[in-house]
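Right, one structure below, let's go through it.
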Amino acid sequence: MSQKDKLPNRRQKILDFIQDFMQDNGIPPTVRDIQKACEISSTSVVDYNLRLLDRDGFLNRRPEMARGIELLGASGTHGANTLKVPIVGSIAAGSPIPVFPNEMDSQNADFDFIEISSEVNRKYGTVFALEVKGTSMIDALIDDGDVVLVQPTPNVEQGEMAVAWIADREEATLKKFYVEGDKVRLQPANSAMGPIYCQAKNVEVRGKVVGVIRKY
DNA sequence: CATCGTCAAGACGCGACCCT
DNA sequence: AGGGTCGCGTCTTGACGATG
């Protein structure tokens, strides 16, 4: 059935663009973004091609939702290059909750595992997964119950999504991270919620989000 | 109202057949 | 072989409904 992985030009271009776009912006493009970028005369062509890419397992589309594209791994390479990552705990996207998993006491509990493309591993090294609680990152298309892939690192760029540990509250939270002078702004991606301001020394970055996996 | 995803109808290109 | 036509994949135009 499915042939060699020689995608038609247009499909490959669309796939590449989505990949780039998500890297640059952290969110998937709209159909019309793709249309412009790939010089396609109509959104239906984009839709048509996305449908095929969906069918062939290059991406998932979330119906009834804007920007509902999820890229699946293994574009170009052979499929089945996946590896399992433990979901080591949950992270609050709402108000902070005082649980943050110790990555290493993962042995005794029976964790859920989630399969990701091994490209992620190649790119970011070891990552771990956290289940998201709350909806404060909904505008970044991270919903309650979704799983984020986190690269353990203390370094995040301005505006990147980070797992932040607020020392004096002993709470961890998932927010967009901005340094503003000697303060840190933890910004939810949800227009209904306001940012949290903290002293920079009071905030410790535990890792940054490098991927999102949606769950049903 | 602007943005976004989806759909219906039809056109075009191309290869696979089929015929005289 | 040369010409007709059918099917299929792809694309265009244009419009609709949902959402914020």
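Naming: A, B, ... by sequence-line order, numbering from 1 per chain.
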>> Can you list everything that forms a side chain to side chain donor-acceptor pair (under 3.5 Å) with A:E204? Sequence neighbours excluded, please.
In response: A:R206
> Does A:T43 have any side chain to side chain donor-acceptor pair (under 3.5 Å) partners at least two apart in sequence or in another chain, and if so, which?
Replying inline: none
> Once you round it to whole Å, what is the distance between C1' of B:dT3 and CG of A:D47?
Replying inline: 16 Å
>> Measure CG/A:N190 against P/C:dG20 and give the value in whole Å, please.
In response: 12 Å
> Given side chains that start at C-beta, do those of A:V148 and A:L174 come closer than 4.5 Å, heavy atoms only?
Replying inline: yes
>> Please enumerate all residues that pass side-chain contact (heavy atoms from CB on, under 4.5 Å) together with A:V205, with sequence neighbours excluded.
In response: A:V156, A:A162, A:F177
Distances under 3.5 Å between protein N/O atoms and the N/O atoms of nucleotides 10-14 of chain B, please, pair by pair.
none

> In chain order, what residues pass the side chain to side chain donor-acceptor pair (under 3.5 Å) check against A:D47, with sequence neighbours excluded?
Replying inline: A:R51, A:R61
>> Applying side-chain contact (heavy atoms from CB on, under 4.5 Å), can you list everything that pairs with A:A200, at least two apart in sequence or on another chain?
In response: A:V184
Write down the protein N/O and nucleotide N/O pairs, taken from nucleotides 11-14 of chain C, whose separation is under 3.5 Å; answer none if there are no such pairs.
| from | atom 1 | to | atom 2 | distance (Å) |
| --- | --- | --- | --- | --- |
| C:dC11 | OP1 | A:R10 | NH1 | 3.3 |
| C:dC11 | OP2 | A:N49 | ND2 | 3.3 |
| C:dT12 | OP1 | A:S41 | OG | 2.8 |
| C:dT12 | OP2 | A:S41 | OG | 2.6 |
| C:dT12 | O5' | A:S41 | OG | 2.9 |
| C:dT13 | O4 | A:S44 | OG | 2.5 |
| C:dG14 | O6 | A:S44 | OG | 3.4 |

>> Suppose we screen for side-chain contact (heavy atoms from CB on, under 4.5 Å). Which residues come up paired with A:E157, at least two apart in sequence or across chains?
In response: A:E160
> So which pairs with a foot in residues 182-194 of chain A pass salt bridge (charged side-chain N to carboxylate O under 4.0 Å, His left out), sequence neighbours left out?
Replying inline: A:E180-A:R185
